[in-house]
Undergrad: 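Okay, handing you the structure first.
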Amino acid sequence: MGDAEAMPQGYPSAAAAGTLPFVGRPGGRRIHSGVLSSPPAAMRLSKFHLATVKEVPADADVVSQRLMIRAGMIRKLAAGIYTWSPLGLRVLRKVEGIVREEMDRAGALELSMPSIQPKELWEETQRWAKFGGQLLKIRDRKDAEFCYGPTHEEVITDFARNELRSYKQLPINFYQIQTKFRDEIRPRFGVMRAREFLMKDAYSFHLDPECMAREYRNMYRAYARIFTRLGLRFRAVMADSGAIGGNASQEFHVLADSGEDAIAFSDGSDYAANLEKAEALAPEYPEPAFFDEMRKFATPTQTTCEDVAALKGVSLSETVKSVAVVGEQGFVLVLVRGDHSVNEVKLQKVDGLSEFRLAREDEILDYLGCQPGFIGPVNPRKKITIVVDRSVAVMPSMICGANEAPFHLENVKLGRDFQQDWVADVRSVVAGDPSPDGQGTLSIARGIEVGHVFQLGQKYAEALKATVLDANGKAAVMYMGCYGIGVSRIVAAAIEQNHDDNGIIWPDAMAPWRVAVCLINPKNDPKVAEAAESLYRDLAAEGVEVVLDDRGLRPGVMFADIELIGIPHRVVVSERGIAAGTFEYRARRAAEAEALTREQVFSRLGL
RNA sequence: CGGGGUGUAGCUCAGCCUGGUAGAGCGCUACUUUCGGGAGGUAGAAGUCGGAGGUUCGAAUCCUCUCACCCCGACCA
């Protein structure tokens, strides 16, 4: 799959990252540094705090987390809460700087909102109650309630309603790069799923939906530029808008096998969507000539679809899985094919299930008259609601639980043996399903969500009464867009995508330094230190971000460190190189080092 | 929230079952020999054994409570 497919016209593919004209070039004076104050471009490791470690805590369960800890980029303070060391922060700032430059370039205006937000504001949008346990609530000394901001729709909309009075002030897009806190049920994977994290969030305000849609496309393009400049392989996909709310919504995913999200994409078109969202079409079945009577058969030990299918010697797709849930209006049985799985997000869209939970065993017994393992839609003990997936609705007949242990039923026919209340798309797509746009079939890949763009519409502006006067002098509720990027998560995602057995391999744009100059046995020959110092100074003078490893360590230790922290280019200065008039150059991904003259080294670095 | 597990030196861990003087490796400090892929030797510093209570002559070890952290689950019946 090519990244370019997900990108708007006219932008280079990710493969070209690092050669784009707007990448900060050595020697080129940046108009603005991208951060309030940049760390020094050149650095001696003897003056730096490099804190690599050989052993890692056993609980680091993902590559990026292990490598970030080993490289000494992060240290855990508490569950999902990390300190960024000087090294880690250099990388984080690189990402932040690129995000900031591209947001500025796209016309957004940076501001900074409080991380602590009053309860009252969140009550105006009902989200104090609805946001759930992720909202970290705190009290001040007067016992007034606040939350640590997990997102800033409320605050920005409050700001906008006070600041924006006229349609002439629109459209406008405000953004900030700020630490947020979401009290995750289970923080894990280091900074990839942390509770405290750095996020860029932007909010745009418009008089009409067309304008909102234009800015949405503008932000989409800005995001594509950001991830391209960062040198990441990524893909934009259609998304469910979830708790934030709103209409159109797309996510940007960094592709990595370890990603927490599954994304579905077509091999025959541009279609790509989060698995939560990807529409599942019903297959077509040949019309059967006649129907057999429903029949009960014994399944003494078979409680799963897999076991029952194996017992009958039929395909899993001929069985039906019954999932019991309890929604606002009571007990609901959800039917999906044995080879499919229920999609929670889709199920929430069914009437009466916007909030649901799995049924408890006693509830299942009460409504169906049978314990789990043998439940089904036929002859429940009490009146229940039955939701049938599209694929189940077209099955000529099915095998399902009999609501009587230990039995299942075969030749069960919808409409004859039981009645459904709803037919809906409630399953997740699987690889091989037809693409919903009718072109090609779907494949599933894994991704790490690093960006999300939404068209919010008037949801928040309405709740908070954020209006401007339009050209007719009438109050108009503004339309909003919101656009997030997980800055700290990008650092982890980049490592997931770019590493080897020796450590991290930074894309040039994210590397803490672009070049490392290493000294071998400088004590033996003063010329080594002289040559290294002069190379270091000259590279620094050219504006290259260069680090001099003058720690005086043994070569093996030094090389291992430089590789672990992922410096893209390494130049070794040694006695024997001096004698031959060369330096030893090695790109991080290269298998072998090569002996180059000083001029060749500079030209390798594009100088 | 349910289940399971772990807290012992800066880090990774052993010791706990079967109570009796606090251990190893890595890291750190000093000296020394080394010096092109995580060196060797010698000497050394370093731990309220997560916390509180209890049992006992005696508790890292047994019991109770508590805190923290981790894993699995919390749609696939």
Undergrad: By nearest atom, which of the nucleotides B:C71, B:G27, B:G25 is closest to the A:Glu55 side chain?
TA: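 For A:Glu55, the side-chain atoms sit closest to B:G25.
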
Undergrad: With sequence neighbours excluded, tell me which residues meet side chain to side chain donor-acceptor pair (under 3.5 Å) with A:Arg141.
TA: none

Undergrad: Nearest whole Å is fine: how far is B:G37 C1' from A:Glu592 CD?
TA: 14 Å

Undergrad: Can you tell me how far P in B:G41 sits from the matching atom in B:U48, rounded to whole Å?
TA: 29 Å

Undergrad: In whole Å, what is the span from the CG atom of A:Asp525 to the C1' atom of B:C35?
TA: 14 Å

Undergrad: Near RNA chain B, under 4.0 Å by heavy atom, which residues of residues 575-586 of chain A?
TA: A:Arg576, A:Glu584, A:Arg586

Undergrad: What is the base-pairing partner of B:A30, counting Watson-Crick and G-U wobble geometry with both distances under 3.5 Å?
TA: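 Pairing partner: B:U42.
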
Undergrad: For A:Lys76, report the nucleic acid contact type (base, sugar-phosphate, nothing); a contact means any heavy atom under 4.0 Å.
TA: sugar-phosphate

Undergrad: Using the rule side-chain contact (heavy atoms from CB on, under 4.5 Å), only one of A:Ile69, A:Val557, A:Ile565 pairs with A:Thr52; which is it?
TA: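 Of the listed options, the one satisfying the test is A:Ile565.
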
Undergrad: When both hydrogen-bonding distances must be under 3.5 Å and the geometry is Watson-Crick or G-U wobble, what is B:A52 paired with, if anything?
TA: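 Result: B:U64.
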
Undergrad: So, under a plain 3.5 Å distance rule, would you say the side chain of A:Glu563 forms a donor-acceptor pair with the base of B:G37?
TA: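 Yes, a donor-acceptor pair under 3.5 Å.
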
Undergrad: Return the 5'-most residue of the pair A:Thr52, A:Ala78 with respect to RNA chain B, ranking by each residue's nearest nucleotide.
TA: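 Between the two, 5'-proximity favours A:Thr52.
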
Undergrad: For RNA chain B, which residues of residues 294-309 of chain A approach it to below 4.0 angstrom with any heavy atom?
TA: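 Within residues 294-309 of chain A, the residues near RNA chain B are A:Thr303, A:Thr304, A:Cys305.
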
Undergrad: Could you give the distance separating B:A68 and B:G50 at their C1' atoms, to the nearest angstrom?
TA: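 The same atom, C1', in both gives a distance of 7 Å.
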
Undergrad: What I want to check is whether the side chains of A:Asp550 and A:Ser46 have a donor and an acceptor closer together than 3.5 Å.
TA: yes

Undergrad: Quick one: A:Arg66 CZ to B:C11 P, roughly how many Å, whole number?
TA: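 So the two atoms are 19 Å apart, to the nearest Å.
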
Undergrad: Could you pull out all residues at least two apart from A:Arg551 that satisfy side chain to side chain donor-acceptor pair (under 3.5 Å)?
TA: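 With sequence neighbours excluded, A:Arg551 shows a side chain to side chain donor-acceptor pair (under 3.5 Å) to A:Asp549, A:Asp561, given in chain and number order.
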
Undergrad: Contact class for A:Arg570 (heavy atom, under 4.0 Å): base, sugar-phosphate, or nothing?
TA: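 The answer is base, as A:Arg570 lies within the cut-off (heavy atoms under 4.0 Å) of a base atom.
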
Undergrad: In terms of the nearest nucleotide of RNA chain B, which residue is placed more toward the 5' end: A:Arg195 or A:Val323?
TA: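 Going by which nucleotide is closer to the 5' end, it is A:Arg195.
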
Undergrad: Could you give the distance separating B:A14 and B:C49 at their C1' atoms, to the nearest angstrom?
TA: 13 Å

Undergrad: Contact class for A:Val342 vs. all strands (heavy atom < 4.0 Å): base, sugar-phosphate, or nothing?
TA: base

Undergrad: Regarding A:Arg195 and A:Glu184, does a basic nitrogen lie under 4.0 Å from an acidic carboxylate oxygen?
TA: no

Undergrad: Sequence neighbours left out, what pairs pass ring pair (Phe, Tyr, Trp, His ring centres under 6.0 Å) with at least one residue falling in residues 352-404 of chain A?
TA: A:Phe331-A:Tyr367, A:Phe374-A:His408

Undergrad: Taking B:U21 as the reference, what is the distance to B:A59 when you measure between their C1' atoms (whole Å, please)?
TA: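 Their C1' atoms lie roughly 14 Å apart.
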
Undergrad: Distance between the C1' atoms of B:G51 and B:A45, in whole angstroms?
TA: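 So the two C1' atoms sit 27 Å from each other.
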
Undergrad: Would a distance-only check, ignoring hydrogens and angles, find a side-chain to backbone donor-acceptor pair under 3.5 Å from A:Asp389 to A:Val426?
TA: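 Yes.
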
Undergrad: Does A:Asn521 get its side chain close enough to the base of B:G36, under 3.5 Å, for a donor-acceptor pair?
TA: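 Result: no qualifying N/O pair found.
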
Undergrad: So what does A:Ile185 touch, heavy atoms closer than 4.0 Å: a base, only the sugar-phosphate, or nothing?
TA: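 Result for A:Ile185 = base.
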
Undergrad: Return the nucleotide paired to B:C35: Watson-Crick means purine N1 to pyrimidine N3 with N6-O4 or O6-N4, wobble means G-U with N1-O2 and O6-N3, both under 3.5 Å.
TA: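 B:C35 is paired with nothing.
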
Undergrad: Please determine, for B:C69, whether a Watson-Crick or G-U wobble partner exists with both distances under 3.5 Å, and give it or none.
TA: B:G5

Undergrad: Can you list everything that forms a side chain to side chain contact (heavy atoms under 4.5 Å, CB included) with A:Thr179? Sequence neighbours excluded, please.
TA: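 Scan of A:Thr179 (side chain to side chain contact (heavy atoms under 4.5 Å, CB included), adjacent residues dropped) gives A:Tyr148, A:Glu196, A:Leu198.
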
Undergrad: If I take atom NZ in residue A:Lys54 and atom C1' in nucleotide B:C28, what distance separates them, rounded to the nearest angstrom?
TA: 13 Å

Undergrad: Across the strands shown, which category fits A:Arg70 at heavy-atom distances under 4.0 angstrom: base, sugar-phosphate, nothing?
TA: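 Answer is base: heavy atoms of A:Arg70 come under 4.0 Å of a base.
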
Undergrad: Heavy atoms only, 4.0 Å cut-off, all strands: where does A:Phe374 land among base, sugar-phosphate and nothing?
TA: sugar-phosphate

Undergrad: Which whole number of Å gives the distance between the C1' atom of B:G36 and that of B:A22?
TA: 41 Å

Undergrad: Take atom C1' in B:G15 and the same atom in B:C71, then report the distance between them in whole Å.
TA: 24 Å

Undergrad: Can you find a donor-acceptor N/O pair under 3.5 angstrom joining the side chain of A:Lys321 to the base of B:C76?
TA: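 Yes.
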
Undergrad: Within this structure, what is the CG-to-C1' distance between A:Asp425 and B:C75, rounded to whole angstrom?
TA: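 Rounding to the nearest Å, CG of A:Asp425 and C1' of B:C75 are 15 Å apart.
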
Undergrad: Using the test side chain to side chain donor-acceptor pair (under 3.5 Å), find all partners of A:Trp122 that sit at least two apart in sequence or belong to another chain.
TA: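 Side chain to side chain donor-acceptor pair (under 3.5 Å) check on A:Trp122 returns A:Gln117.
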
Undergrad: Is there side-chain contact between A:Ile444 and A:Leu275, with at least one heavy-atom pair below 4.5 Å?
TA: yes

Undergrad: Under the rule for salt bridge (Lys or Arg N to Asp or Glu O under 4.0 Å), what residues qualify as partners of A:Glu533, not counting sequence neighbours?
TA: A:Arg44, A:Arg537

Undergrad: Counting only heavy atoms and a strict 4.0 angstrom limit, can you tell me which residues of residues 547-560 of chain A come near RNA chain B?
TA: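 RNA chain B contact set from residues 547-560 of chain A: A:Arg554, A:Pro555, A:Gly556, A:Val557, A:Phe559, A:Ala560.
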
Undergrad: What nucleic acid atoms does A:Asp561 come within less than 4.0 Å of, heavy atoms only: base, sugar-phosphate, or nothing?
TA: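 A:Asp561: base contact, heavy atoms under 4.0 Å.
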
Undergrad: Rounded to whole angstrom, note down the P distance from B:C70 over to B:A52.
TA: 23 Å

Undergrad: For B:A24, give its Watson-Crick or G-U wobble partner with both distances under 3.5 Å, or none.
TA: B:U12

Undergrad: Could you state the CZ-C1' distance from A:Arg193 to B:C71, rounded to the nearest angstrom?
TA: 16 Å

Undergrad: Do A:Arg489 and A:Phe197 form a cation-pi contact, if we require the NZ or CZ to be under 6.0 Å from the six-membered ring centre and within 45 degrees of the ring's axis?
TA: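 Relative to the ring axis of A:Phe197, which defines the angle, A:Arg489 lies outside at least one limit.
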
Undergrad: Going by atom type alone, with no hydrogens or angles, which donor-acceptor pairs under 3.5 Å involve a side-chain atom of residues 129-137 of chain A and a protein atom two or more places apart or on another chain?
TA:
from: A:Lys137; atom 1: NZ; to: A:Trp128; atom 2: O; distance (Å): 3.3

Undergrad: Checking A:Asp366 now: which residues fulfil side chain to side chain donor-acceptor pair (under 3.5 Å) with it, not counting sequence neighbours?
TA: A:Lys382

Undergrad: Please give, in whole Å, the distance from B:G36 C1' to A:Leu519 CG?
TA: 13 Å

Undergrad: Partners of A:Ser85 by side chain to side chain contact (heavy atoms under 4.5 Å, CB included), sequence neighbours excluded?
TA: A:Leu87

Undergrad: Between A:His49 (NE2) and B:C28 (C1'), how many Å, whole number?
TA: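 Taking NE2 of A:His49 and C1' of B:C28, I get 13 Å after rounding.
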
